[in-house]
S.K.: 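Quick one: the structure is below, and I'll ask about it shortly.
All of these numbers come straight from a predicted model, not from anything done at the bench.
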Amino acid sequence: MAFPEEFINILPATGRDALLAALETEPEVSIRFNSKAGDAQSLVLESLGCNADGRVPWMDLAVYLDHRPQFTMDPLLHQGCYYVQEASSMFLAQALKKCVSGPVRALDLCAAPGGKSTLLAGLLPEGSLLISNEIQRSRAQVLAENMVKWGRPGVMVTCNTPKQIGESSLMFDLIAVDAPCSGEGMFRKDEVAVRDWSLKNVEMCAARQREIIEDIWPALKAGGYLIYSTCTFNRLEDEDNVRWIMDRFGAQAIDLDPDPQWNIAGSLTEDSMPVYHFMQHRTRGEGFFLCLLRKPEGAAAGIKSRSFRGDGSKVPAECKHWLKPEGGFEFFIKNESVFALPSDLEDDMWQAGLELYALVPGIEVAVLKGHDWIPAHALAMSSALNRDAFCSVEVSRQQALAYLHCDAIRLEDAPRGVVLLTYKDIPLGFAKNIGNRANNLYPQEWRIRNSVG
């Protein structure tokens, strides 16, 4: 692969040749397991036909695979049992360990397609609120799908600009900004990124990153934490922007004390601030940069509640029993859907829903079809699902793939009415059995487009 001369010239001289050689090799393949599926690691590897090729050192429940399978044709992926994520970016977990010790209000600002948001949703302490935001509507829809499949309560998906969020009354303990960048770290996975690279584009990205931080900074509580990351190597988008955040806002860069055996590079400039570079010739993963910054202390509040409430009086009692009774939820109806919010997050989620454009305002529990309330697919994916409320029907792999293809399927010896389909005893989705066949209730826009015959 021919790399732009200007790109080669901006790389640090030490290790340059080794890095360029590594960019010519095949990318690593890694996945992160979802704890909602229990101890399903061996089940996933068997389903994929893969072996684990070592664990990701900086992230629990994550492994490298010995080859890249056809993930789309694995039902367990669509059941939210794991997420295919580049290993270096999982280093976000180490920043969380450093700055989160109890429930927080967190924002993933540039969240699509959902790798870091699913990681956050899995690691944030119980009682936390996560708002996963994406400015581009089409990408936000993909983000919403992935977050629904991950199945954590206390998660919202929004589609807003950084400026809109920064000018709202919402305040966060933690904001993650995986800033849009020139993509140098992904060169061996994306030839388009190589073709489109230019020094002018790097400068434009660096300026845009500072604009994003400027817009969102007011939404970060005093004493709160900002995780700034990119998938680039250059100092303009990395060290120089971190230094700008420190100088502009008085932020403090926090040392994460990574294990030296992980072989993560520090600052590539003369500056000794604690920043972390993942480079393909040093670590198993793609190029990645991260810095944890803390906002100076001062007067601040959390998300300002205006004590708005949804009207749950018209929610059918039956729907309320579809969630685990010990969970504690408040219900409301919006656009012919029943949604549920964790009771301890109701004020915060209502306020966020009022001020932001929410694609996923809470757990979608039911959808009105004619005169009947039908359980929503998001309910099947949620860790809060009360499985005892439904008759479960186990299906084969081929039936599961047909279901995910949105085909009608035949269920032998199943009762009539809505049933919960399971694959490997893990919820797959709902179907309405009418005797000779079962109507498929899987979201049409999510269907597998590959042939499953």
S.K.: Would you please indicate yes or no on a ring centroid separation below 6.0 angstrom for Phe339 and Phe332?
M.R.: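 Yes, the ring centres sit under 6.0 Å apart.
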S.K.: Between Lys200 and Glu203, does any NZ, NE, NH1 or NH2 come within less than 4.0 Å of an OD or OE carboxylate oxygen?
M.R.: no
S.K.: Calculate, to the nearest 0.5 Å, the distance between atoms CG and CG belonging to Asn51 and Leu45 respectively.
M.R.: 7.5 Å
S.K.: Look at the aromatic rings of Phe7 and Phe3 and report parallel, tilted or perpendicular, splitting at 30° and 60°.
M.R.: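 If you compare the ring of Phe7 with that of Phe3, the planes turn out tilted.
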S.K.: Between His377 and Tyr442, does the ring centroid distance fall short of 6.0 Å?
M.R.: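 Under 6.0 Å, so yes.
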S.K.: Should we count CG of Asn335 as having more than 12 external heavy atoms under 6.0 Å?
M.R.: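 Not buried by this count: 12 neighbours or fewer within 6.0 Å.
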S.K.: Would you compute the distance between atom CG of Asp240 and atom OG1 of Thr269 and round it to the nearest 0.5 angstrom?
M.R.: 7.0 Å
S.K.: Check whether Asp344 reaches the backbone of Gly127 with its side chain - one donor and one acceptor, N or O, closer than 3.5 Å.
M.R.: no
S.K.: If you define the side chain from C-beta out and look only at heavy atoms, does anything of Lys98 sit under 4.5 Å from Arg294?
M.R.: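 Lys98 vs Arg294: side chains apart.
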S.K.: Quick test of your reading of the model: are Lys163 and Glu167 salt-bridged, counting only N-O distances below 4.0 Å?
M.R.: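 Salt bridge: yes.
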S.K.: In plain terms, say whether Asp425 and Arg387 are close enough for a salt bridge, that is, a side-chain N and a carboxylate O under 4.0 Å apart.
M.R.: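 Between Arg387 and Asp425 there is a salt bridge, with a charged N closer than 4.0 Å to a carboxylate O.
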S.K.: If only atom types and distance count, is the side chain of Ser88 paired as donor or acceptor with the main-chain N or O of Gly287 below 3.5 Å?
M.R.: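 A pair under 3.5 Å: no.
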S.K.: Is the centre of the Phe91 ring less than 6.0 Å from the centre of the Phe288 ring?
M.R.: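 No, the ring centres sit 6.0 Å or more apart.
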S.K.: Just by distance, do the side chain of Lys36 and the backbone of Met381 share a donor-acceptor pair under 3.5 Å?
M.R.: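 Indeed, once roles are kept as given, a pair shorter than 3.5 Å links the two residues.
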S.K.: So that I can tick it off, tell me whether Asp271 and Arg235 are bridged by a salt bridge, with the cut-off set at under 4.0 angstrom between side-chain N and carboxylate O.
M.R.: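 Judged by the 4.0 Å cut-off on N to carboxylate O distance, Arg235 and Asp271 do not form a salt bridge.
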S.K.: May I ask you to check whether Tyr276 and Trp58 place their ring centers less than 6.0 Å from one another?
M.R.: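 No: the rings miss the under 6.0 Å criterion.
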S.K.: Quick one: pull up CG in Asn133 and OG in Ser117 and give me the separation to the nearest 0.5 Å.
M.R.: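 Nearest 0.5 Å value for the CG-OG distance: 9.0 Å.
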S.K.: Less than 4.0 angstrom from a charged side-chain N to a carboxylate O is my criterion; do Glu145 and Lys149 meet it?
M.R.: yes
S.K.: Look at Lys116 together with Asp108 and state whether they make a salt bridge at an N to O cut-off of under 4.0 Å.
M.R.: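 So Lys116 does not pair with Asp108 through a salt bridge.
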S.K.: Return the minimal non-hydrogen interatomic distance between Gly102 and Ser128, and the atom names on each side.
M.R.: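 The pair with the smallest heavy-atom distance is O-OG, 4.3 Å.
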S.K.: When rounded to the nearest 0.5 angstrom, what distance separates CD in Gln280 from CZ in Arg188?
M.R.: 5.0 Å
S.K.: What distance separates Ile212 CD1 from Tyr228 OH, expressed to the nearest 0.5 Å?
M.R.: 8.5 Å
